[in-house]
Each structure stands twice: as structure tokens, then as C-alpha cells.
Amino acid sequence: MKAETTLTDIELPPTQQAKFIPDLRRDYFSTTGRSLVTLVCLALIAYLVWSFIDWALLRSVWAGTPEDCHKASGACWAVVTDRYRLILFGLYPYEEQWRSALACLAILATVVLSCIPLFWSARLLPIIWLAGYGTFYYLMKGGIFGLPIILETQWGGLALTTFVFSSTFVIGMPLAIILALLRRSKLPVISSLTALFIDGVRSLPLLSILFTAAIILPFALPDFLVGDKLYRVILGSALFFAVYQAEILRSGIQSLPAGQEEAAAALGLNYWQTISRIILPQAFRLALPPTINQVVIAFMETSLIVILGFFEVTASGNAAFTAGGWNSFFAEVYFFVALIYFTFTFSLSRYGAYLERSLKVSSR
Amino acid sequence: MKQPSTAVEVVNLRKFYGSHQVLFDVNLTVAGGEKIVICGPSGSGKSTLIRCLNKLEDHQSGTIRVLGTELNDEIDNINEVRREVGMVFQHFNLFPHLTVLENCVLAPMLVRKQDRKTAEARAMTYLERVKIPQKAGAYPGELSGGQQQRVAIARALCMKPEIMLFDEPTSALDPEMISEVLEVMTELAQDGMTMLCVTHEMGFARKVADRVVFMDKGSIVEEAPPSEFFDNPRHERSKAFLSQILGH
Ligand SMILES: Nc1ncnc2c1ncn2[C@@H]1O[C@H](COP(=O)(O)OP(=O)(O)OP(=O)(O)O)[C@@H](O)[C@H]1O
Ligand SMILES: [Mg+2]
């Protein structure tokens, strides 16, 4: 059906708002067969939407006990309203959960601030990150200002997910830049060793890297270097992000004309000035779509750490319905968790589209 | 400002790409304030020669002395030489992610450590000299080729260089834009800048050059004042080259 319509589309002048209705008529109702297919599809969509609304809104239960839910036939949002603190904060002690909420906000604020081009300088970004992570760490862990200490093993839910993700990004991105630059090094030993390293890590599945970081590394490292499992896993996931992102950046750098580096050199700029003012800003613009893609993937892959015993948001979702008689209402919990993921990844990709548009303006 | 009597001194310069030799014992001396036009057929090594003068290319033997500093592998800070030697490229090589003004103030601020205000004021005077101050806020992609090349000249001048190198600055331009760039270069020459220009604009060479250097197959074949070179070329290869570019 689509294939037929494209031919006629091409001959038409650019779409205008006023032509919407005639276009609609031409594209979907021009013949009896076409109208029939359109109507059947519409009916199907309407039916599905109605069923969902009926289940999710009309017949749903928003508060109460599992028994209330069993009596009704619709969605049981009561499980979410009853257990949302478990989903959001995991096993973090109940009375201290405000700390986890604030910490989460601190990380979100850090991420949002780092997304604003105004703050993209080698001086401001580290300050923002240090402040954001310092706030997060001391709020979560406690031990100062009379806050009781809460160990990393009790951290969980959304706070853990955002922490793991944003640390992966904040550690992984500079690492990716370093790897990409080392791989372009004029010294053959350095560039080929870096290439070997990047390709080596890229040929391992993320899961095996995370397992290595969580379980094998403690045997291989001296005790004082081991640290909490959480930080090892974050380093593993940052490494994984970095090798892919390094290749994305390298392809961006390689598509720059050689004249850019020459012009910078001819003006007397040194290596770091050339890299930070000329090469990287342009490479990032060129590599923006795949970079956003990689960041979204990294966010979704944080759910893998559940396998290593972390109580991130998917795991705490699981826990929310496996206790207290909510067993049969897993769909509602997963819906809620999916909504959280959707909110994050959708904002990320919208942000990517915004960046692409605003950067295109400045380099037409 | 130091103005040593010899701006550039090249002695027995040889340059190889791998095992392929592209410069054969080139000797050239340029006095401060002199204007040299370098011409010759494609592949004769003109670009290679002037790119050796700011070490965009390394040479394998011979000596190059620029403003009294010898360019060799032991040189500590090539950037100290480069900031005194401006370069204008065939394809402009403006930084597309920066505005015209930002292109002009970047190096003065980073390399000459000027504060933004001084650098911007100076950049505006140079943009006025190349007759394009109204485009200070535009991005290079929004300018015509001729305008971009004039900005590239202003960008190089903002560093207050002692020497300017031009590598075929007009050959990527549409004919109607060539004259606006040549005009700027002529004014620069009249102001006393030391210039080495690779160009086939013979009118410009006649008007501005103190000497024309003709290269072929990696060597300097003939070196003469423009009147002598154009009216009375001594070498067969110069004659052949001139009849080719002036013939049609
Ligand atoms: N990066 C390179 N690697 C290998 N050979 C090169 C390289 N650059 C130039 N050459 C060779 O060196 C020789 C001189 O080149 P050069 O660019 O200096 O010539 P040119 O006189 O500037 O020519 P044109 O008028 O076409 O710009 C040519 O034979 C060219 O093939
Ligand atoms: Mg050339």
C-alpha cells in the first residue's frame, strides 16, 4: 500500500498544512479496497485503544489491598501506589529514603546541567560532576552530618540505576576520548596496542565483563584496590561503553578534512589546543547520532547488573509484586518500570534531536 | 618587532615521500619584506616547498632557517616559529564550527595570550581591511568562497605574522571572486609584508612580486624579477610553461 502512494507523492509540491485533508483522502481512501483496509485498520486500532483504556483506567483499582484488586477485573495500580517506594528505592531503609530521592535528584541535575552547551568547558564540567557525585555519594552513604551510614549493598531502585548509568557515562566518555586519541597516535606501538585493546574488549559480551569485574577481579587484585563490587561493576560498564564510543569518535575524527588540523598547526596551536578547540568539537557534531544511540543503549543495559545481585529498578520491581500477595499483578509493575525507562530514553533521544538541530545551524 | 634581513633561508633542501623524492636540492633566500611568487606545473613541488617552511612537512636533508630559527627535528617549539608565519590555503580551511570572529580570535587568544577584548578589536580591524566586517558573526558555511578566503587571510593576519605563505589562494575560487582576494593580497604586499605565494595569477605576479621562482620536477629551474621572467624567460621549460598558461 505504501509503495503505491510514494510515486504520486514525489510529483507533488512540498507538503503544506492546507493539503492535509485532500492528501489523507488520496492516500487512504482513493479506491474501495484502500478505504476498506483503512477502515478495518482504524477499527482494530480503536478496539485496542479502547480495551487498554478500559483495563488501565475504567475498571482499574488505584488503591487498596490485593483482595480489592482481585474483585475488580481491570488494572491493579494499587500495587504500584502501595509499593512504589520499594520500586524507586529498593532495600534502602524506609526512614532514610528521602536521602535516596534527593541523591537521585542530584544526579539528574548533574546530567541535565552537563547537557547544556553553556557548561561544556573543561573547567566547568568537572566541577559540576564533582559536586553532583559528591552530593550523591554522601547523601546515599551517610556518615557525615549525623546521617546514619548505609552501605552500597542496600542501595537500590531508581537511585541505583541512575547512579550506575550516569557514572558509566561520566567515566566512559573521557575514557573514550583518550582511547580514540591514543588510537590515532603517531607512535605505532601506542596506536596498535590501543587498537588491540579496543578490539579485544569489543569482542567480549558486556555480561562477561561485568562478571569479571564483580567476581573474578577481587581474586586478581590486591585487597586495597578491590573496592565495593558496585564500583568495579561501574568501571566494567564504563569500559564497555568507552571502547564503543571511542570507535564512534574515531570515525567522526577521521571524517574531518586534513586541512583543519593543518590550519590549526599553521596558526601555532599546540596538540591539546588543536584537539580540544578544533578536532573534538567537530568530531562530536559528526558523531552525534551514533553517540546518542550508544548512550541510550548504555542506559538500558544498566538492567543487566541485576544478575550480579544488584537491586536496580527492574529487580526492585520484581520484588514489589513477589511479596504481600501482589503476585498476579506483575504486568502493572512492569508497565510502571517500563514507563520509567521510557521517560529516560525518550528524553535522551529528544535531547539528541535537539542538539543535532541546534548544532546544524552553526555549521551549515 | 624584529625584522631580520633574511626572512627565509633554504639550503640544499631534499624532501622524500617514502622513497619518492619530490624536492631536489632546493636553494632559496628571501629577504625581509620581499615578495616571492612561486609557479610551475602541477606536481612540481611548490606546495611541498612552502609547507616545509612552517614544518607542516618534515624534510630529510638540507637546512631551512625561518626568521633565524633552524627547523630541524630537535626544534623545541615549532609553534614559536609558526605563530610568526601565517598561512593561507587553497581550500581556506576555516573552522566551520566557529564564527568568523571566533576564527580570528582563537589563535591570538590561545597562542598569543591576548584577552578577548583586545583580540576582538584587532580582529575587527583586520576584517575591515579585508572588507568583510559585516560578516563577523556569520559561520564560514554562510560565506562565498571569496569571502571565506578573505576571512582566512584576516585570520592569519590577526597573529601579526612576519611572513605570509599562500598556497594557490585563488585556484579554488570562481573567476568573479578571484580579484577581490588578489586585491587584498596586493594591499598586504604594499604594506611591506614578506610574502611567498604559490599562484598562477600572472597579473598579480607582475604587479607585486620582487622575484618569480619557477619550479619543475622538484627543482628551482629559474629565478628572476617578473619583467625578466615573463618577457625573457631563459629556460626552455619556463618558456613552455609560460606559453601554456598565457597562451589561452
Ligand atoms: N602526502 C603525499 N604523499 C606522497 N606523495 C606526495 C604527497 N604530497 C605530494 N606528493 C607528491 O609530491 C610531488 C609534489 O607535490 P606538490 O603538491 O608539492 O606539487 P604542487 O607543485 O603543489 O602541485 P599542484 O600545482 O598540483 O598543487 C607530487 O609528485 C606529489 O604526487
Ligand atoms: Mg599544490
Side-chain angles (χ1 to χ4, degrees), chain A residues 116-124 177 180 184-188 248-249 251-289 291 352 354-364, chain B residues 47 50-51 53-58 76-100 102-113 137-143 148 151-152 154-161 163-167 172:
Chain A
I116 300 172
L118 191 67
F119 295 109
W120 291 351
S121 77
R123 215 168 308 147
L124 284 177
I177 294 174
R184 291 176 76 245
S185 166
K186 286 198 188 73
L187 309 173
I248 291 174
L249 280 180
S251 76
I253 294 175
Q254 272 176 344
S255 50
L256 295 180
Q260 290 293 306
E261 232 165 320
E262 285 175 1
L267 285 166
L269 267 59
N270 63 29
Y271 177 79
W272 283 111
Q273 291 167 339
T274 307
I275 291 296
S276 65
R277 301 305 188 95
I278 308 299
I279 303 300
L280 285 181
Q282 294 188 65
F284 265 105
R285 271 155 227 239
L286 289 170
L288 193 61
T291 299
Y354 150 78
L355 264 193
E356 225 170 298
R357 247 177 298 124
S358 65
L359 294 182
K360 208 170 264 157
V361 175
S362 63
S363 57
R364 256 172 304 186
Chain B
S47 302
I50 70 164
R51 288 161 60 86
L53 300 184
N54 61 356
K55 224 166 182 309
L56 285 185
E57 304 283 356
D58 294 322
D76 308 322
N77 198 353
I78 180 63
N79 292 327
E80 273 172 27
V81 175
R82 281 175 175 165
R83 64 190 184 198
E84 307 296 342
V85 180
M87 186 160 198
V88 175
F89 301 84
Q90 181 174 0
H91 296 287
F92 332 133
N93 298 353
L94 292 176
F95 305 128
H97 61 299
L98 302 177
T99 63
V100 165
E102 286 164 348
N103 264 279
C104 290
V105 300
L106 183 74
M109 286 173 66
L110 291 179
V111 181
R112 293 246 189 245
K113 311 288 177 211
Y139 285 93
E142 298 168 324
L143 306 183
Q148 288 192 48
V151 171
R155 176 177 72 176
L157 291 178
C158 282
M159 286 296 286
K160 293 236 169 192
I163 303 174
M164 285 286 285
L165 309 175
F166 294 82
D167 190 359

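Per chain, numbering begins at 1; letters A, B, ... match sequence-line order. Values below: all heavy atoms of this structure, side chains included; hydrogens, waters and symmetry mates excluded.
Of the listed residues (A/P257, A/A258, A/A264), the one with the most heavy-atom contacts under 4.5 Å to chain B is A/A264. Here B/N79 is the residue among B/T99, B/L56, B/N79 with the most heavy-atom pairs under 4.5 Å with chain A. Between chain A and the options B/R155, B/H91, B/M159, the largest number of non-hydrogen pairs under 4.5 Å is found for B/R155. If you tally non-hydrogen atom pairs under 4.5 Å between each of B/V85, B/L106, B/I78 and chain A, the highest count goes to B/L106.
Under the 3.5 Å distance criterion, the side-chain polar atoms of B/N54 are left unmatched by any main-chain donor or acceptor of A/A266.
At a heavy-atom separation below 4.5 angstrom, chain B is approached by A/L269, A/N270, A/Q273, A/R277, A/I278 within residues 269-278 of chain A.
For a residue to count as touching a neighbouring chain, one of its non-hydrogen atoms must lie under 4.5 Å from one of that chain's; by this rule B/L110 touches chain A with backbone and side chain alike. For B/L165, no part lies under 4.5 angstrom from a heavy atom of chain A. At a 4.5 Å heavy-atom cutoff, the contact between B/F95 and chain A is made by backbone and side-chain atoms alike.
Taken from CG in A/L267 to CZ in B/R82, the straight-line distance is 10.5 Å, to the nearest 0.5 Å.
Judged as a salt bridge (charged side-chain N to carboxylate O under 4.0 Å, His left out), and not counting sequence neighbours, B/E102 has no contacts. Applying the side chain to side chain contact (heavy atoms under 4.5 Å, CB included) rule to A/Q254 yields the partners A/R250; only residues at least two apart in sequence or on another chain are considered.
Within the structure, salt bridge (charged side-chain N to carboxylate O under 4.0 Å, His left out) contacts touching residues 260-271 of chain A (residues at least two apart or in different chains) are A/R184-A/E261, A/E262-B/R51.
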